[in-house]
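A short worksheet on the structure shown next.
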Amino acid sequence: MAEAMAESYNRDSEPTTRTLLRRVLDTADTRTPRRRRSARVSAQKALLETPSSRRLSSPTKMNVRRRSHRARSIGRLAHVHTSGNLEEQTPRTLLKNILLTAPESSVMMPESVVKPVPTPQVVQSSRRESSRGSLELQLPELEPPTTLALGLLAPGRRKQRQRLSVFQQGMDQGLPLSQEPRGNGSASSLTSSLNLTFATPLQPQSVQRPGLARRPPTRRAVDVGAFLQDLRDTSLALASPGDSLRTPVATLPTDTVLEDTQPFSQPLIGRSPSVYHSLPCLSHTEAEDAERAVSHRIQSSGPRLQNHNPGKPTQLLAGKAKKVDALAVSFPNNSSAVSGEDGVEPLQDGVGEEAEERMEESLSVSKVMATTGTQGSVRMEKSKGHREMTEAAEAKEPEGSSGASPELASSTTEFLQARQPQFLEPAPPPSTAVLSSEPLEPLSTRLPPRARTPGPRARTPGPRPRQDPHKTGLSHYVKLFSFYAKMPMEKAALEMVEKCLDKYFQHLCDDLEVFAAHAGRKTVRPEDLELLMRRQGLVNDQVSLHVLVERHLPLEYRQLLIPCAFSGNSVFPAQ
Amino acid sequence: MAFSTTVSQRKHIKRKAPRGFLKHVFKRQKPHLRLETSGDLLVHLNCLLFVRRLAEESRMNAFESKCGVIKKEHVQAAAKLFFSPTQPELRGMKENC
C-alpha cells in the first residue's frame with residue numbers, strides 16, 4: 001500500500017525529488033536495529049533521527065530533505081513507524097513514508113535556500129541530537145556526508161527549518177545577523193557553512209526549540225514626546241478635578257466628591273446626584289426634560305470645567321442656574337417671559353425674586369468661589385447652594401407647566417450669563433442681600449466642616465478613606481431609595497436613610513455571624529443568607545429565594561446564584 | 001407588587017451590585033468572618049429588598065400625612081418598624097409579599 005502510494009506519488013509529484021527518493025530507496029542500505037532505539041526515543045524524533053543513520057548520497061539527501069520540508073505530518077510518519085514492526089523500520093520504509101506524507105506538489109524550495117539549508121540543518125540536527133543525547137547520531141556529526149544524512153533525520157524538523165529559513169530570510173532581511181549559531185563547538189567547523197545564508201544563524205536556535213522560534217519583535221520607535229504629552233493630558237484631566245477639590249476651602253459632600261479611582265465618571269456622577277437632589281422638587285414630568293438637559297449640560301460642562309479657568313464657572317453657574325430656574329418653574333407667569341432679556345423682568349417680579357435670590361446665591365457662591373479661585377469648589381458650592389435652593393423650592397409647592405420649564409431654563413441661562421456681570425455690580429435688593437448673606441453664612445459654616453472632612457485628594461488623607469468610599473457605596477442604595485419612593489425627598493430624609501442603612505448593615509452582619517456560628521462555620525455562606533431572609537419574612541413557603549433572585553437581580557447575577565444545568569452534564573455554579 | 005425589571009430609567013439606576021463595597025463593609029464589621037463569593041450578591045438582594053420596603057413604608061407614611069414630600073419623620077417612622085421589634089414588621093412583610 002505504501003509503496004503503491006509512493007509509486008503514485010512518484011508519478012504525480014515532481015520527478016526530480018521523488019524519483020531521486022525512489023532511487024535512494026532502491027539504493028539505500030537497510031540499517032541495523034539502531035533505528036529501533038531511536039524510534040522508541042520519541043515517535044517523531046525517531047523518524048527524524050533514523051534517516052540520519054542512513055548513508056545517503058548528498059543529492060538525494062538534499063532532495064529528500066526538500067521533500068521532508070514539505071512533509072506535513074510527522075505524526076503520520078510516527079504512527080506509521082511506531083505502529084509498524086520495529087524490525088521493519090528501515091530507511092527504505094522511512095523514506096517511503098516520507099513520500100507518502102509529502103504533498104503531491106512539492107513546493108520546491110529555491111535552490112539557494114535548499115543548499116544552505118541542508119548544511120545548517122545538518123548542524124542543527126546534530127545539535128539537536130546532541131541536545132537530546134540521541135544515540136548513534138553523534139558520530140556523523142562532523143562528517144559532511146553524514147551531516148547531510150543527518151539532515152534527513154527529521155523531515156518535520158527540516159520542514160520547520162525550511163519554513164523558518166524561508167520565513168526568517170524574508171523577515172530578517174533587515175535584521176542583523178546577530179544570532180550567530182550558538183556557540184556549538186562541535187559545529188564550529190560547520191559554522192562557516194552556515195554563513196551561506198543569513199537566515200541560518202537564526203535557524204539553529206529556533207530549530208532546536210521550534211516552539212520558541214520567534215522573529216525578534218520589530219519595535220517602532222516610540223514617540224516619547226507624544227506619549228508623555230498624552231500622559232500629561234490625561235493626568236491633567238484626571239488631576240484637575242482632584243486638584244480643584246483638594247484646594248478648595250469647602251469640599252463637596254462626600255457622595256458628590258470626585259473620587260480618584262474613577263476620575264472620568266466621577267465628575268459626572270458627582271454632579272448628577274446634585275442634579276437628582278434638586279430634581280425631587282419637581283414633578284417628574286417637568287423634571288425629566290429639564291433634568292436631562294441640565295445633566296447633559298452639566299456633564300458637558302464638567303470636563304470643560306476641568307480644563308478651563310474660572311471663566312467657565314459662569315457656564316456652570318448658568319447650568320446650575322438653569323436648574324434653579326427649572327425649580328422656579330413653579331411660577332407659571334414666567335412662561336410669558338421666555339425671551340432672553342425679558343426673562344429678567346418677570347423674574348424680577350415677585351416670583352422672579354426667588355430665582356433672583358437663588359441666582360444671587362449662586363452668584364455670591366460663585367463670588368466666594370472666585371475668590372478662592374477653584375473651580376471644583378465652585379461646583380461644590382453650587383451644589384450646596386442648590387441644595388438650599390431645592391429646599392427653598394420645596395417649601396413652595398412647584399406648580400409650573402412642563403413646557404415652560406425648558407424654555408425658561410434656557411432663556412434664564414442666557415440672560416444669567418448676561419446678568420452675571422450686572423449682578424456683581426448693582427446693589428442687590430435687600431431681600432436678596434439678606435438671602436445672599438444667609439447662604440453665605442451656612443456655606444461658610446459648612447466650609448470648615450467640609451474642610452474637616454476633606455475630599456478624596458484632600459490634604460489630610462487620614463479621615464478620608466474611612467468615610468468617602470463608605471458614603472459613596474451607601475449613596476448607591478440611597479439613590480435606589482429615592483427611586484423606589486417615587487416622591488420628592490428632603491435632604492434630611494436622605495441622611496436618615498443613610499443612617500438606617502448603616503444600622504441595617506450592622507444588624508445584617510450580626511445576624512450572619514450568629515447564623516454561621518450556629519452552623520459551626522466561620523464563613524458566611526448563601527444558606528445563612530437564605531435563613532436570614534426567611535427570618536425577615538422575605539422568603540417563605542410561597543416565595544423562594546430563587547424567585548426573589550429572578551425578580552430583583554439582573555441576569556448576570558442570577559446566572560451566578562441559581563444553579564443551572566448546561567450541556568456536557570455540567571452545572572454552573574457547581575454545587 | 002408590580003415586578004417590572006425594565007422601568008423607564010430616567011435616573012439611570014445602576015443595576016450593578018457594589019460588591020467591593022459590600023465585602024468591605026462586612027470585613028470591617030466582622031473581620032474574623034469570611035463572606036463567600038455569591039454571598040455578597042445575596043446581601044445586595046437583601047439590601048435591595050430592604051430599601052424597597054423602607055421606601056414603600058416611608059411613602060405610605062408621607063401619604064398618610066398628606067405630604068407631597070417625604071420627610072425625615074416619615075423615614076424614621078418606617079425605620080422603626082424594621083429595627084425594633086420584628087414581629088409587627090414580619091406581619092407587615094407577609095402582607096406585602
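Being a predicted model, the structure only gives us computed values, none of them experimental. When reading the values below, keep in mind they use all heavy atoms of this one structure, side chains included, and skip hydrogens, waters and symmetry mates. Just so we're on the same page: letters track the sequence lines, and every chain starts at 1.
Here B/Val75 is the residue among B/Val75, B/Val25, B/Thr37, B/Leu48 with the most heavy-atom pairs under 4.5 Å with chain A. Put simply, of A/Val524, A/Leu545, A/Asp528, the one with the most heavy-atom pairs under 4.5 Å next to chain B is A/Val524. Taking A/Met533, A/Glu513, A/Glu495 one by one and counting their heavy-atom pairs under 4.5 Å with chain B, the maximum is reached by A/Glu513.
Expressed to the nearest 0.5 Å, how far SG of B/Cys47 lies from CG of A/Leu508 amounts to 6.5 Å. Taking NE2 from A/His507 and CD from B/Gln29, the interatomic distance works out to 10.0 Å, rounded to the nearest 0.5 Å. In this structure, the separation between CG on A/Leu561 and CG on B/Leu45 is 8.0 Å, given to the nearest 0.5 Å.
Closest heavy-atom contact between B/Ser38 and A/Leu560: OG-O, 4.0 Å. Across all non-hydrogen atoms, the minimal contact from A/Phe481 to B/Ser58 is CZ-OG, 3.4 Å. Between A/Met487 and B/Cys67, the shortest heavy-atom distance links the atoms CE-O, 3.6 Å. When every heavy atom of A/Tyr477 is checked against every heavy atom of B/Pro18, the shortest pair comes out as OH-CD, 3.7 Å. B/Lys72 approaches A/Glu490 most closely through the heavy-atom pair N-OE1, 3.8 Å. Considering every non-hydrogen atom in both A/Tyr557 and B/Lys16, the closest pair reads OH-CA, 3.6 Å.
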Check against side-chain contact (heavy atoms from CB on, under 4.5 Å), A/Tyr484 and B/Glu56: CA-CA 7 Å; A/Tyr484 285 134; B/Glu56 304 256 341; 5.8 Å; no
Step-by-step ring-ring contact (aromatic ring centres under 6.0 Å, His included) determination, A/His470 to B/Phe21: CA-CA 7 Å; A/His470 192 79; B/Phe21 168 71; 5.5 Å; yes
Could you give me the CA-CA distance, side-chain angles and deciding distance for B/Arg52 and A/His552, then say whether side-chain contact (heavy atoms from CB on, under 4.5 Å) is met? CA-CA 11 Å; B/Arg52 184 182 269 253; A/His552 300 283; 4.0 Å; yes
Working for side-chain contact (heavy atoms from CB on, under 4.5 Å), residues B/Leu35 and A/Thr523: CA-CA 6 Å; B/Leu35 182 59; A/Thr523 312; over 6 Å; no
Take B/Lys30 and A/Lys522, measure what side-chain contact (heavy atoms from CB on, under 4.5 Å) needs, and give me the verdict at the end. CA-CA 10 Å; B/Lys30 308 281 168 196; A/Lys522 285 206 176 156; over 6 Å; no
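Between A/Tyr504 and B/Phe50, the ring planes are parallel. Angles under 30° get that label, and only those over 60° would be called perpendicular.
Both the backbone and the side chain of A/Leu474 come within less than 4.5 Å of a heavy atom in chain B. For chain B, the nearby part of A/Pro554 is the side chain; its heavy atoms alone come within less than 4.5 Å. Contacts between A/Glu556 and chain B at a heavy-atom distance below 4.5 Å are absent for every atom of the residue. Of the two parts of B/Ala17, the backbone and the side chain both hold a non-hydrogen atom closer than 4.5 Å to a non-hydrogen atom of chain A.
Side-chain contact between B/Ile70 and A/Pro488 is absent, with no heavy atoms from C-beta onward closer than 4.5 Å. In this structure, A/Lys499 and B/Gln76 have side chains that are not in contact, with every pair of non-hydrogen atoms separated by 4.5 Å or more. A heavy-atom distance below 4.5 Å is found between the side chains of B/His44 and A/His476. Considering only heavy atoms from C-beta on, A/Glu530 stays 4.5 Å or farther from B/Leu42 through its side chain. The shortest distance between side-chain heavy atoms of B/Leu33 and A/Arg521 does not fall below 4.5 Å.
For B/Arg34, the CZ atom sits in a loose shell: 12 or fewer heavy atoms of surrounding residues, nucleotides or ligands are nearer than 6.0 Å. Atom NE2 of A/His518 has 12 or fewer neighbouring heavy atoms from other residues, nucleotides or ligands inside a 6.0 Å radius. Annotation for B/Lys27: atom NZ counts as buried by contact number, over 12 foreign heavy atoms lying within 6.0 Å.
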